Amino acid sequence: MRKATARRTSAGDDTVGAEAAPTGRRQLLIEATLAMIMERGVAGVSTRDLAQRVGVSEALIFHYFKSKAGLLEAAALSRETLLSSLLEVLEKPASNNLAATLQSLTEAASKRLRPGTPGWAFCSIMLSRDPRTQDFRETGLSVLTNARSRFADWLEDSGRLRTDGFAAACSFFEGVLFLVATLPSEAQAWDESAPEAFAGLALRWCQIHLGDA
């Protein structure tokens, strides 16, 4: 069996032919989608262009992801985004030190939601009214709702809250989206203000929701 070969496009993106193993092809499609999001934004993702970039048929994309919204959902849950950081936390039992967990999540948010990253693009789309991304917003809302519910249950199981888990989870998600909507959309200005803003979010969250705050 011949090995898949990689080449570089003029934009510097890895592209791989259809000879890659199925699992490898799926991951390559996700990575190429993230690269395309960073170049064009979520609304600019084209399954036809993606297929050409990776060197597979467009039909294979829909085989793996069923729809463009499904492809974007997989990208949104990839290692590049804040949701992936949150889901990693939820895979483990609730920590005795929820304050440290929230601090870690808000630090991740400051980095993974930085303008120019896929995470920032996904959040921006969720806050927009662009009709071209309506399907993804509906899918994204479902993903966020599920993640919020899991986070609420996880927080509730910790036994450390002075409020209920749902209120605490909503407070975190709404706080993150508010900061994305109000912080500078230029990367350098974000770097100057976002760490302090997200640290403030973690502090306020702990003061409101933790029983021993």
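Every heavy atom of this structure was used, including side-chain atoms; hydrogens, water molecules and symmetry mates were not. As the structure is a prediction and not an experimental result, all values here were calculated from the model.
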Quiz item: Quick one: ring-ring contact (aromatic ring centres under 6.0 Å, His included) pairs with a partner in residues 165-188, sequence neighbours left out?
Solution: Phe151-Phe172
Quiz prompt | Test side-chain contact (heavy atoms from CB on, under 4.5 Å) applied to Leu83 and Phe122, step by step | solution = CA-CA 10 Å; Leu83 274 179; Phe122 286 125; over 6 Å; no
Quiz item: Are Phe62 and Val45 joined in one hydrophobic group, where the rule is that I, L, V, M, F, W and Y side chains link up if heavy atoms are under 4.5 Å apart?
Solution: no
Exercise. Report the distance from atom CG of Leu60 to atom OG1 of Thr47, rounding to the nearest 0.5 Å.
Key: 12.0 Å
Quiz item: Should Tyr64 and Leu72 be counted in the same cluster of Ile, Leu, Val, Met, Phe, Trp and Tyr side chains packed under 4.5 Å apart?
Solution: yes
Quiz item: Which heavy atom in Cys123 sits nearest to a heavy atom in Leu113, and how many Å separate them?
Solution: SG-CD2, 3.8 Å
Quiz item: Nearest 0.5 Å, what's the CD-OG distance between Glu58 and Ser46?
Solution: 7.0 Å
Self-check item: Heavy-atom donor-acceptor pair, Trp205 side chain to Gln103 backbone, under 3.5 Å
Solution: no
Exercise. Group every Ile, Leu, Val, Met, Phe, Trp and Tyr by side-chain heavy-atom contacts under 4.5 Å, then state whether Leu201 and Leu127 land in the same group.
Key: yes
Quiz item: Closest heavy-atom contact between Ala99 and Leu210?
Solution: N-CD1, 3.9 Å
Practice problem: With sequence neighbours excluded, tell me which residues meet side chain to side chain donor-acceptor pair (under 3.5 Å) with Asp191. | Solution: Arg114
Exercise. Return the minimal non-hydrogen interatomic distance between Ser85 and Ala108, and the atom names on each side.
Key: OG-CB, 4.0 Å
Anything under 3.5 Å between a donor and an acceptor, one on a side chain of residues 137-148, the other on a protein residue two or more places apart or in another chain? List them.
unit_1	atom_1	unit_2	atom_2	d
Arg137	NE	Ser128	O	3.4
Arg137	NH1	Asp130	O	2.8
Arg137	NH1	Thr133	OG1	2.9
Arg137	NH2	Asp130	O	3.1
Arg137	NH2	Gln134	OE1	2.8
Glu138	OE2	Gln134	NE2	3.1
Thr139	OG1	Asp135	O	3.2
Thr145	OG1	Leu141	O	2.7

Quiz prompt | Pair Arg150-Glu91, salt bridge (charged side-chain N to carboxylate O under 4.0 Å, His left out): steps then yes or no | solution = CA-CA 10 Å; Arg150 289 184 60 189; Glu91 291 298 322; 3.2 Å; yes
Quiz item: Counting N and O atoms only, with roles assigned by atom type, does the side chain of Ser124 sit under 3.5 Å from a partner on the main chain of Trp120, one being a donor and the other an acceptor?
Solution: yes
Exercise. Supply the atom-to-atom distance Met36 CE to Leu50 CG, rounded to the nearest 0.5 angstrom.
Key: 5.0 Å
Quiz item: Of the non-hydrogen atoms in Glu73 and Phe136, which two are nearest, and what is the gap between them?
Solution: N-CE1, 4.1 Å
Quiz item: Honestly curious: do Leu155 and Leu90 fall in one hydrophobic cluster under the side-chain, below-4.5 Å linking rule?
Solution: yes
Self-check item: Main-chain N/O of Leu183 paired to Trp190 side chain as donor or acceptor, under 3.5 Å
Solution: no
Exercise. Take Met126 and Val180, measure what side-chain contact (heavy atoms from CB on, under 4.5 Å) needs, and give me the verdict at the end.
Key: CA-CA 11 Å; Met126 293 305 297; Val180 172; over 6 Å; no
Quiz prompt | N/O donor-acceptor pair under 3.5 Å between Ser110 side chain and Glu107 backbone | solution = no
Quiz prompt | Leu71 CG to Arg26 CZ distance, which is reported to the nearest 0.5 Å | solution = 9.0 Å
Self-check item: Rounded distance (nearest 0.5 Å) linking atom CG of Leu86 with atom OG of Ser104
Solution: 10.5 Å
Quiz item: Has the side chain of Thr33 got a donor or acceptor atom that lies under 3.5 Å from a matching backbone atom of Leu29?
Solution: yes
Exercise. Say whether Leu82 and Leu87 are linked into one hydrophobic cluster, either directly or through other cluster members, by side-chain heavy-atom distances under 4.5 angstrom.
Key: yes
Self-check item: Over all atoms of both residues, closest heavy-atom pair of Glu156 and Gly165
Solution: OE1-N, 2.5 Å
Practice problem: For the residue pair His209 and Leu98, establish whether any side-chain heavy-atom pair is separated by less than 4.5 Å. | Solution: no
Exercise. Find the distance between CD (Gln27) and OG (Ser78) and round it off to the nearest 0.5 Å.
Key: 7.5 Å
Quiz item: Where is the tightest heavy-atom contact between Ile37 and Ala121, given as atom of each residue plus distance?
Solution: CG2-CB, 3.4 Å
Practice problem: Taking atom types as modelled, find out whether Ser84 and Arg112 have a side-chain donor-acceptor pair closer than 3.5 angstrom. | Solution: yes
